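Read through the structure below, which is laid out as structure tokens, and then see the notes.
A, B, ... follow the sequence lines: proteins, then strands. Residue 1 opens every chain. On a predicted model such as this, the values are computed, not experimentally measured, just so you know.
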Protein chains: 2
Amino acid sequence: MADPNIDVVAKAAGVHRSTVSRAFSRPEAVKSETREHILRIAEGLGYTMSPLAQALRRKTSTFVPLIVPDITNPFFAELAKTMTQAADERGYQLLLCVTNGDPAKTEGYFTAMQAMYAPFGIVAPSTKVDTGVLKRFDFGHRVVVIDRVEGDSSVPTVTVDSRRGIVLALEHLRSLGHTSIGYVSGISGTHTAQDRMDAYLELSAEGSSTPLVLDSGSDPDAGARAAKHFLEMENPPTAIIAANDMVAFAVISALGQSGIRVPEDVSVMGFDGLALGARFNPALTTVRQPIADMGNIAIELAEKQNLNGSVDHVVLEPELLVRASTAGPRK
Amino acid sequence: MADPNIDVVAKAAGVHRSTVSRAFSRPEAVKSETREHILRIAEGLGYTMSPLAQALRRKTSTFVPLIVPDITNPFFAELAKTMTQAADERGYQLLLCVTNGDPAKTEGYFTAMQAMYAPFGIVAPSTKVDTGVLKRFDFGHRVVVIDRVEGDSSVPTVTVDSRRGIVLALEHLRSLGHTSIGYVSGISGTHTAQDRMDAYLELSAEGSSTPLVLDSGSDPDAGARAAKHFLEMENPPTAIIAANDMVAFAVISALGQSGIRVPEDVSVMGFDGLALGARFNPALTTVRQPIADMGNIAIELAEKQNLNGSVDHVVLEPELLVRASTAGPRK
DNA sequence: ACGGTTAGTGCAACCGATCTCGGCAATCGA
DNA sequence: TCGATTGCCGAGATCGGTTGCACTAACCGT
């Protein structure tokens, strides 16, 4: 039962190929009874249109690439999850592309998406995004990035308000009585990571406390190093804000290895609001990013841009998520 | 600079389309100097072949779908990561398909992969796989599943030896002095989950200890319920084996919420060997599955089957990974 | 009743490749 | 020397749709 093509459907329905085509892709252009007849016949034959052939002829497909550096990172995984959903609610087919942070791969995916006539693409970068690259691939006007970009506002973006998130974290910790609050930046490289750090630096200086960056490396071991650093201090902070949930996990784990308990000995906050955080030990207090919204909005922005060329930059509000990893300062 | 098609390259090189085509896809069929000349011209024009057009004509593409129930689950994320790598080392393009456990979606992906002429597909199921469905889509002979299947050995599979894994876990715990070892099955539904459970039941009965299943639900809250159950027992086990790492996380987290400490009060082991486990608090002792190998082998099996119709069932050896969540039994 | 719309459909070229044939040398065996 | 093979390439049909154009019939106002 090799699947039938448009011609056999046409013959079975007693109409021309083009009418079948229209029945499917331009319903208003065909008399409704004809269309229903065709659809019924097609249904009976188990016919569906070939997306390949369509894309080839139309020079536009429904493949939407989502480019992420590492799907193993739960943040990107959650993003991917909500975006697949959002995508196929709108009739797109999300293609997950994992770069491992390799710029060459990123470019490879760009050329691939061009070749596949993707209508647009979404990129969640691991480094500060270079809009030049996007442009070079004639894709500059069809891509939205999930980060802030600098110096070029011609590409749509979605982010959460990093500064606001840090404010939330700081307020929470201070209301608990903390005055000495450290920061672990961990993996950085993106603008948002930078923004979080900057906000911490600035805002914690405003408060009574002095900024205290425990680590600012950009590798996965930053958490462990931060913990080591913490242990060596003669006057360690009573609370720590981690740049993201994964780093918070690592910090707590490394601290625990040395017998430091959270939140009894030190409070630790994350930033992301991963579902995983609820199952951490202890459950992680964090600043939640509305990941699902980000995904939906990213696609909407892309569509809007495709439609009328408008490029928007939306920044979302983060939200405090208090769980069990924060408490009053140790005595 | 609309990308050039095969005809402009042909004209520029002074040859016919078909020669250009051969220069790319069947190098031995064209004189080497002609081919090099063509390739050079193509290079200069920035020409690459359209995968769409190729797939349409050849009726076979390089799109390899990986069907997983939930990319948010780190196990599948790690699988996806290693498989994208493995796939494009071999010239395939991995398409990640997330079903959220919805069988309708799974079927949708199957029809999509047929329409795209995928040469084969990989499925990592969330429920016992029904080979009937695979067959119905004329895909029965082009899919490999990452699980065991029952009653039908006509589809290639990759799994790890569940029983062996449980042996490893039990041995480890017993060597630490534990005699009362509980089990939390958590999310199940797949054959491997079933196998793990069965192995535990059987093997723990063999030992001196009596089997003790703390929970066998199949939802994400099983961990929490198991912890509750644990707390209510008058004679709780001194060690717990969780069906997989995620459940172990949840159990430890829930236990911690009630002041039970791991491994001081109770040892907990996982099963998976997720990278995340190393950053848990405490770092999780677990049975490692060679996820990367599974990915590679899955693709190899698929290729082998496509080539000569052979269907293999490979089962891999798990490995004990001792970290910090296990210790001697409490007094 | 008549020129002008408009809706509905057929025709055929086209998207960018692949592949079977068949032609034309050059080479081979005897 | 001659027919047969072989290597290399071009012609043209084809994959499964889309779309601009032409055509027909029904419908409009006057």
Side-chain angles (χ1 to χ4, degrees), chain A residues 1-39 41-42 45-63 111-119, chain B residues 1-39 41-42 45-63 91 93 111-119:
Chain A
M1 65 144 209
D3 8 46
N5 65 18
I6 199 171
D7 280 313
V8 342
V9 176
K11 202 164 306 164
V15 298
H16 191 265
R17 292 220 294 299
S18 46
T19 306
V20 176
S21 171
R22 283 187 278 254
F24 278 89
S25 12
R26 214 133 40 76
E28 77 287 358
V30 65
K31 193 164 38 159
S32 68
E33 41 181 311
T34 324
R35 185 185 30 137
E36 274 162 30
H37 173 230
I38 293 175
L39 260 28
I41 298 277
L45 265 50
Y47 170 77
T48 49
M49 290 214 149
S50 159
L52 256 46
Q54 290 191 134
L56 180 60
R57 186 61 233 255
R58 290 178 165 164
K59 286 177 168 302
T60 171
S61 68
T62 57
F63 303 133
T111 76
M113 64 200 265
Q114 266 197 104
M116 303 231 231
Y117 302 116
Chain B
M1 69 144 208
D3 8 44
N5 64 18
I6 199 171
D7 280 313
V8 342
V9 176
K11 202 164 307 165
V15 298
H16 191 265
R17 294 218 296 298
S18 40
T19 306
V20 176
S21 173
R22 284 186 279 253
F24 278 90
S25 12
R26 213 136 39 77
E28 77 286 359
V30 66
K31 193 164 41 160
S32 67
E33 40 182 314
T34 324
R35 185 187 30 141
E36 274 160 30
H37 173 230
I38 292 175
L39 260 27
I41 297 277
L45 265 50
Y47 170 78
T48 49
M49 291 212 149
S50 159
L52 257 46
Q54 287 192 136
L56 180 60
R57 187 61 236 254
R58 289 178 164 164
K59 287 178 167 301
T60 171
S61 68
T62 58
F63 304 134
Q93 180 94 22
T111 76
M113 64 201 263
Q114 265 199 104
M116 302 231 233
Y117 301 116

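- Counting heavy atoms from C-beta outward, A:R22 and A:S18 have side chains that approach closer than 4.5 Å.
- The side-chain heavy atoms of B:I38 and B:V15, taken from C-beta on, include a pair separated by under 4.5 Å.
- B:V9 places none of its side-chain heavy atoms less than 4.5 Å from the side chain of B:I6.
- Checking C:dT9, D:dG10, C:dT18 against every side-chain atom of A:V30, the shortest atom distance belongs to C:dT9.
- Taking 3.5 Å as the limit, the base of C:dG8 and the side chain of A:R35 contain no donor-acceptor pair of atoms between them.
- Put simply, the side chain of A:R22 and the base of D:dG17 share no donor and acceptor less than 3.5 Å apart.
- B:R57 pairs by the salt bridge (charged side-chain N to carboxylate O under 4.0 Å, His left out) definition with nothing, not counting sequence neighbours.
- In this entry the distance linking NZ of A:K31 with C1' of C:dT6 reads 14 Å, nearest Å.
- Contact between the side-chain N/O atoms of B:H16 and the OP1/OP2 oxygens of D:dA11 is found at a separation under 4.0 Å.
- Side chains of B:Y117 and B:Q54 form no contact here, defined as non-hydrogen atoms less than 4.5 Å apart.
- OP1 or OP2 of D:dT18 has at least one side-chain nitrogen or oxygen of A:S25 nearer than 4.0 Å.
- Under the side-chain hydrogen bond (donor to acceptor under 3.5 Å, both in side chains) criterion, A:K31 pairs with no residue at all, not counting sequence neighbours.
- In this structure, A:S21 reaches the D:dT18 phosphate: one of its side-chain N or O atoms is under 4.0 Å from OP1 or OP2.
- Taking every side-chain heavy atom of A:T19 into account, C:dT9 is the closest of C:dT9, C:dC11, D:dT18.
- A donor-acceptor contact shorter than 3.5 Å is absent between the side chain of A:D7 and the backbone of A:A10.
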Mind listing the N/O atom pairs, protein and nucleotides 14-16 of chain D, below 3.5 Å?
residue	atom	partner	partner atom	Å
D:dT14	O2	B:R57	NE	3.4
D:dT14	O2	B:R57	NH1	2.5
D:dC15	O3'	B:K59	NZ	3.4
D:dG16	OP1	B:K59	NZ	2.7
D:dG16	OP2	A:N5	ND2	3.4

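- Distance, B:H37 NE2 to D:dC9 P: 12 Å, rounded to whole Å.
- Nucleic acid contact for A:V20: none, since no nucleic acid atom lies under 4.0 Å from a heavy atom of the residue.
- Rounding to whole angstrom units, CD of residue A:E36 and C1' of C:dG8 are separated by 15 Å.
- Residue A:A55 is out of contact with every strand shown, counting any heavy-atom pair closer than 4.0 Å.
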